[in-house]
Amino acid sequence: MEPNHILPVSFYNRPVLEVAPDLLGKKLVRLVNKKRISGWICETEAYDGDQDLACHARSGKTQRNAVMFGPPGRAYVYFTYGMHWCLNAVTGPEGYAAAVLLRAVFPIEGKSLIAELREGIAEKNWTNGPAKLTRSFAVNKDQNGANLTHSEDFLWIENGLRFPNNMIHTGPRIGIQNTPLPWRTIPWRFWITEDQLTERLQYKPG
DNA sequence: TTTACGATCTAT
DNA sequence: TAGATCGTAAAT
């Protein structure tokens with residue numbers, strides 16, 4: 001483990017619309033029984049404060065979304081659809097409720113551990129969705145509020161690749177069909193393809 | 001206390 | 001395309 005590679009608070013203490021695309025190509029890391037599970041972050045979404053009517057902070061601070069109002073660089077983990085956990089990275093200054101939803105990663109380390117956590121699921125479907133990702137990384141309510149900027153909470157994000165804006169795909173956020181315009185269609189989802197990632201890794205092996 | 005719904009996933 | 005499944009927050 002290389003603690004110096006962990007993204008610092010300053011990375012997260014910026015507008016969420018900068019942090020969300022910058023997280024593409026960074027490495028999500030989880031420590032389970034002293035074993036590393038990791039993956040390249042390849043899809044994110046930005047949720048930006050109480051004026052964003054798709055953001056959980058739209059109706060103010062509640063017990064559920066309180067972590068989003070706290071300091072940047074923390075994990076906001078919420079429960080949804082009666083059975084799923086989703087993982088976010090809190091951004092911006094304390095008191096401003098914004099976060100990046102981590103929607104998908106490409107697995108790197110700990111694949112045998114993921115295989116146990118995702119028994120019966122094809123490898124290509126392990127981490128290609130926000131709730132699939134949390135299952136594969138053993139993330140649930142216990143990680144809500146975890147500090148992503150050090151290794152002591154066994155969940156963090158390490159520096160990795162940086163993709164220029166003209167390589168990053170954008171589109172509307174997923175699963176917010178009842179959200180009013182313009183928030184329903186504003187292109188605040190960001191992703192890179194597996195081909196783009198492997199091409200970059202040929203020059204900079206990970 | 002009751003109700004309606006969800007930043008989803010899976011099988012059909 | 002619909003069913004699973006239950007915490008959350010707003011409505012009653």
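Just so it is clear: chains get the letters A, B, ... in the order the sequence lines come, proteins before strands, and each one is counted from 1.
Residue A/Arg173 is classed as having no contact, given no heavy-atom separation below 4.0 Å to the nucleic acid. At a threshold of 4.0 angstrom between heavy atoms, the contacts of A/Asn125 with the nucleic acid are absent. Among the atoms of the strands shown, none is found under 4.0 Å from any heavy atom of A/Thr179. In this structure, A/Ala131 reaches the sugar-phosphate backbone alone: every heavy-atom distance under 4.0 Å involves primed, P, OP1 or OP2 atoms, never a base. Nucleic acid contact for A/Leu101: base, since at least one base atom lies under 4.0 Å from a heavy atom of the residue.
Under the 6.0 Å distance and 45° angle rule, A/Lys27 counts as a cation-pi partner of A/Trp40. A/Arg173 forms a cation-pi arrangement with A/Tyr47, by the criterion of a distance under 6.0 Å to the ring centre and an angle within 45° of the ring axis.
Taking atom CD of residue A/Glu43 and atom P of nucleotide B/dT8, one finds them 10 Å apart after rounding to whole Å. Nucleotide B/dA7 holds its P atom 11 Å from the CZ atom of A/Arg103, rounded to whole Å.
Mapped onto DNA chain B by nearest heavy atom, A/Asn128 and A/Phe79 fall at different nucleotides, with A/Phe79 at the one closer to the 5' end.
Summarising the base pairing, C/dT1 is matched to B/dA11 through a Watson-Crick or G-U wobble pair whose two defining distances lie under 3.5 Å.
Checked by distance alone, A/Tyr81 brings no side-chain donor or acceptor within 3.5 Å of a matching partner on the base of B/dA7.
Between A/Lys132 and A/Asn128, the side chains place a donor N or O and an acceptor N or O closer than 3.5 Å (distance only, hydrogens not considered).
In the set B/dT10, C/dT8, B/dT8, B/dT10 carries the atom at the smallest distance from any side-chain atom of A/Ile121.
A/Glu123 and A/Lys111 are joined by a salt bridge, as a carboxylate oxygen and a charged side-chain nitrogen come within less than 4.0 angstrom of each other.
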